[in-house]
Amino acid sequence: MIELSSVDKTYNAGKANEYRAGRGVDLRIKPGRVTALRGPSGSGKTTLLGLIGGLTRPSSGRVRLDGRDISALPERFLTELRRATFGFVFQQFQLIRGLSVLENVMLPAAPTGEPHRQVVERAMDLLGQLDLADRADTPCQRLSGGEAQRVAIARALINDPPILIADEPTAHLDSALSLQILAILGELRAQGRTLIVSSHDPLVFDAGLVEHIVDLRDGRVVAEQ
Amino acid sequence: MRAWIERQRCLIDFSVANLGRRKARNLGLLGAYILLVFLLASVVLYGDALRREARLLLADAPDIVVQRLSAGRHDLIAADRLDALRALRGVRRADGRLWGYHYDPTLAANTTLQVPLVNPPGPGETVLGATLARARGLNPGDTLALRGDDGAIRAFRITGLLSSASELVSADLMLVNEADYRAFFGIPAGFYTDLALTVGNPAEAGKIAEKILTRQPGSRVILKDEMRRTYDAVFNWRQGLLLTFLGTVLAAFALLAWDKASGLSAEERREIGILKAIGWETGDVMRMKFWEGALLSTCAFLAGYVLAYLHVFHGGGALFEPILKGWSVLYPKFTLTPQIDLMQLASLFFLSVLPYTAATLAPVWRAATLDPDEVMRE
Ligand SMILES: Nc1ncnc2c1ncn2[C@@H]1O[C@H](COP(=O)(O)OP(=O)(O)O)[C@@H](O)[C@H]1O
Ligand SMILES: [Mg+2]
C-alpha cells in the first residue's frame with residue numbers, strides 16, 4: 001500500500017522559473033492492482049511516479065510505503081528500499097549504450113552482492129520470457145523500439161520487485177507493439193505484481209488492464225475511478 | 001565478505017565493459033599515460049642505478065689518495081714517500097697504486113690497466129672487465145694483444161672476467177701484474193701512479209689530509225668523502241633537472257585529465273543518472289568509477305614501469321645517457337645492474353595512479369549526488 005498525503009512538488013523553488021508540478025496530491029495505491037495516471041503532457045504524471053517510487057522527495061507532504069514514511073529516509077536507506085521494492089521502466093527506455101542487452105539487464109543487481117552466476121541465470125530467464133534470448137549479446141543501441149522497451153522491462157524486473165512503475169510504456173511504439181507490451185504487463189499483473197503506469201494512450205485504457213485510473217491536470221488529481 | 005567480493009566483481013566487470021565502450025578515447029589516454037610513467041620511471045631507475053654504481057665504486061676506494069703534481073699535472077710519485085705517510089698518526093695502511101689508461105683504437109675508447117693490490121694475475125695473464133670483454137668479443141682462454149707505449153705488442157692470456165656487483169666499477173678494467181704493467185707503460189721501479197691510504201678513523205681523514213699537504217707540498221690529496229659528495233651532487237643535480245621537467249609534464253597531464261573529467265559529457269551524466277535511478281547508491285557509482293580509473297592507471301603504471309625497466313637495464317638507458325651520464329665517452333656501453341627498490345616502486349605507483357584516479361572521481365561525485373529523478377525527464 002502506497003499513500004500520498006498533501007504532496008507538493010515544486011521545481012526551482014524560490015527562483016523565477018519556479019514550477020509547481022504537484023499540488024496537494026492525496027492518493028492511495030493498493031497492492032496487486034494496476035493503477036494508471038492519466039493526463040495530458042505536462043500534467044505531472046512523471047513527477048508523481050518519481051515521488052511514488054522514491055526517486056525524488058516531495059517539497060511538502062508525505063509519501064508512505066506500507067505505513068512507513070519514505071520521504072524522510074536518508075539516501076542510502078531510500079536507495080536500498082527502492083531497489084528492493086520498485087522496478088522502473090522509463091519513458092525513454094534509458095538503456096546504456098555500448099553495453100549489451102544482458103549487461104543492461106544485470107545492472108540493477110550489481111550493488112546487491114548477489115553471486116554473478118545467479119544473476120546471469122535470472123537475466124537469461126527473463127530475456128527468454130520476453131522473447132529476447134537471442135539478443136542477449138546485442139549492443140543496446142542496435143535494438144528496435146519494441147525490443148528496447150522489453151529490455152527495459154527485463155531490467156526493471158531483475159531484482160524481482162513487487163511493484164513495477166512504467167512511465168508511458170507505449171508512447172514510442174506502434175499499435176501492434178503497444179499491444180505486445182500491454183500483454184506483458186497483463187502477465188506481470190497475473191504474477192501478483194503491483195503495476196503503476198502513466199499514459200495518455202487510449203489503447204492502454206481500452207485494453208481492460210487498468211483497474212484504478214487517476215486523472216491528473218496541472219499537478220492536481222481531478223478524478224479517480 | 002562474499003557479498004562484498006561479488007559486488008566488487010560486478011562493479012569491476014562493469015568498469016571493464018565501460019572502458020571498452022570508449023575505446024579510442026581510453027586507448028589514447030592509456031598511451032599518453034604509459035609514456036609518462038615510462039619517462040618518470042626511467043629517470044628514477046636510471047638515476048638510482050647510477051648512484052648505486054657510484055657508491056659501489058667508492059666503497060672500495062681508499063680513504064685518501066695522494067698524488068704528486070708536477071706543473072699542475074698528475075705525475076708519478078716516488079715509493080719512498082710511503083714510509084713518511086705510514087709514520088703519520090692515524091694512518092693504518094699505505095700502498096702504492098699502479099694504474100693508467102691505454103687508448104684502444106679498435107674500440108675508440110680508453111681501457112684502464114691496473115695492478116690489483118691483492119691476488120695479481122700471473123705474468124702474461126690478465127683478468128678483464130665484463131663490459132670490455134663483451135665489446136671485444138673475448139672469452140677466458142683467449143689472448144688479448146695490445147701495443148704498449150714502447151711500440152712493442154704484448155699478448156695477455158685472459159684467465160678470468162671480473163664479476164662485480166657493479167659493472168661501472170669494472171666496465172673497462174684490465175688487471176695485470178706489476179712487472180707486466182711497468183714494462184707496458186715503461187714505468188721504472190720505485191715509482192707509483194699514486195698512493196692509497198687507509199685510515200683508522202674515517203672522521204680524521206680531513207685532518208690527516210691537511211698534515212700531508214703541509215709535510216709534502218706539491219701533493220694533491222683526494223678524500224673519499226669529497227668524491228662521494230661530488231658524485232652525488234652531479235647525479236642529484238642532473239636528476240633534479242629531469243624530474244622538474246617531468247613534473248611539469250605530469251602537471252599538464254593531470255590538468256588534462258581533470259579537464260576531461262570535470263567536463264563530464266552529457267552522456268556520462270545521463271548514465272550516472274540511470275544507474276542511480278535503477279538502484280545504485282552514490283557510493284556504488286563512485287566505486288565503479290574508481291575501478292575504472294584504477295584499472296586504467298594501474299595498467300599504464302605496469303606497462304610504463306616494465307618498459308622503463310627494459311629501457312634502463314637492457315637498453316642502457318639510451319634516451320638519458322647523454323644527460324645523466326656526464327662521462328659517457330669513457331664507457332661506450334655498459335649495463336647497469338638490475339635492481340628494484342620496493343620503496344621507490346611504491347612511490348612511483350602512488351605518484352602515477354593516485355592523482356589520476358582522484359581527478360576522475362571528483363566530478364563524478366558531484367554528478368552522483370544529484371537526485372536520480374533527472375533521468376525521468378527528457
Ligand atoms: N526538473 C524540473 N524543473 C522544472 N520544471 C519541471 C521539472 N520537471 C518537470 N517539470 C515541469 O513539471 C511539469 C510536469 O512535468 P511531468 O511530471 O514531466 O509531466 P508529464 O509526465 O505528465 O508530462 C511540466 O510542466 C514540466 O515542465
Ligand atoms: Mg512524462
Side-chain angles (χ1 to χ4, degrees), chain A residues 9 11 21 45-47 49-51 53-57 75-100 102-119 139 141 152 155-156 158-159 161 165 167-168 198, chain B residues 1-27 264-292 365-378:
Chain A
K9 180 69 189 182
Y11 290 114
K45 304 183 293 294
T46 300
T47 301
L49 287 180
L51 288 164
L55 284 172
T56 183
R57 296 165 199 272
E75 194 218 288
R76 257 199 87 145
F77 294 99
L78 186 58
T79 306
E80 230 164 86
L81 183 87
R82 197 168 70 223
R83 198 164 54 214
T85 316
F86 299 101
F88 292 91
V89 178
F90 305 105
Q91 190 170 348
Q92 310 288 339
F93 314 137
Q94 306 288 19
L95 302 176
I96 291 186
R97 294 167 55 84
L99 292 185
S100 70
L102 182 64
E103 284 166 334
N104 262 282
V105 170
M106 289 172 60
L107 275 182
T112 60
E114 200 184 330
H116 188 77
R117 175 118 48 91
Q118 215 167 300
V119 180
Q141 65 272 26
R155 184 178 66 182
I158 189 70
N159 287 336
I165 292 180
D167 197 5
E168 312 221 21
S198 78
Chain B
M1 189 59 196
R2 201 188 139 71
W4 186 88
I5 291 171
E6 282 294 338
R7 197 160 130 169
Q8 300 307 315
R9 180 174 162 205
C10 283
L11 293 176
I12 292 171
D13 276 357
F14 186 53
S15 307
V16 173
N18 236 353
L19 286 171
R21 281 193 307 149
R22 300 185 185 89
K23 258 197 205 93
R25 171 185 177 263
N26 287 324
L27 281 181
L264 275 190
S265 66
E267 175 82 358
E268 282 170 301
R269 279 180 72 95
R270 191 182 74 95
E271 285 170 10
I272 291 174
I274 295 175
L275 293 176
K276 289 214 56 178
I278 61 176
W280 285 41
E281 283 167 34
T282 305
D284 295 320
V285 177
M286 302 289 292
R287 273 186 282 274
M288 187 264 290
K289 288 288 174 186
F290 165 82
W291 284 121
E292 222 177 288
W365 185 76
R366 262 187 288 150
T369 48
L370 293 176
D371 249 6
D373 74 319
E374 223 181 324
V375 272
M376 299 192 76
R377 296 174 231 125
E378 211 76 340

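On a predicted model such as this, the values are computed, not experimentally measured, just so you know. Sequence lines set the chain letters: A, B, ... in the order given, protein chains first and strands last, and positions in each chain run from 1.
- W280(B) contributes no side-chain N or O that, together with a main-chain N or O of A110(A), makes up a donor-acceptor pair within less than 3.5 Å.
- Residue L55(A) holds its CG atom at 10.0 Å from NZ of K276(B), rounded to the nearest 0.5 Å.
- In this structure, chain B has no heavy atom under 4.5 Å from any part of L78(A).
- G279(B) approaches P111(A) most closely through the heavy-atom pair O-CG, 4.0 Å.
- Two residues are said to be in side-chain contact when any heavy atoms from C-beta on lie closer than 4.5 Å; L275(B) and I96(A) meet this criterion.
- Put simply, CD on E80(A) and CD on E281(B) are 6.0 Å apart, with the number rounded to the nearest 0.5 Å.
- Both the backbone and the side chain of R76(A) come within less than 4.5 Å of a heavy atom in chain B.
- Scanning all heavy atoms of the two residues, the minimum distance from A277(B) to R82(A) falls at O-NE, 3.8 Å.
- Counting only heavy atoms from C-beta outward, the side chains of I274(B) and R155(A) approach each other to under 4.5 Å.
- With chain B as partner, the option from P108(A), G87(A), G98(A) having the largest number of non-hydrogen pairs under 4.5 angstrom is P108(A).
- At a threshold of 4.5 Å between non-hydrogen side-chain atoms, the residues M106(A) and D13(B) do not count as touching.
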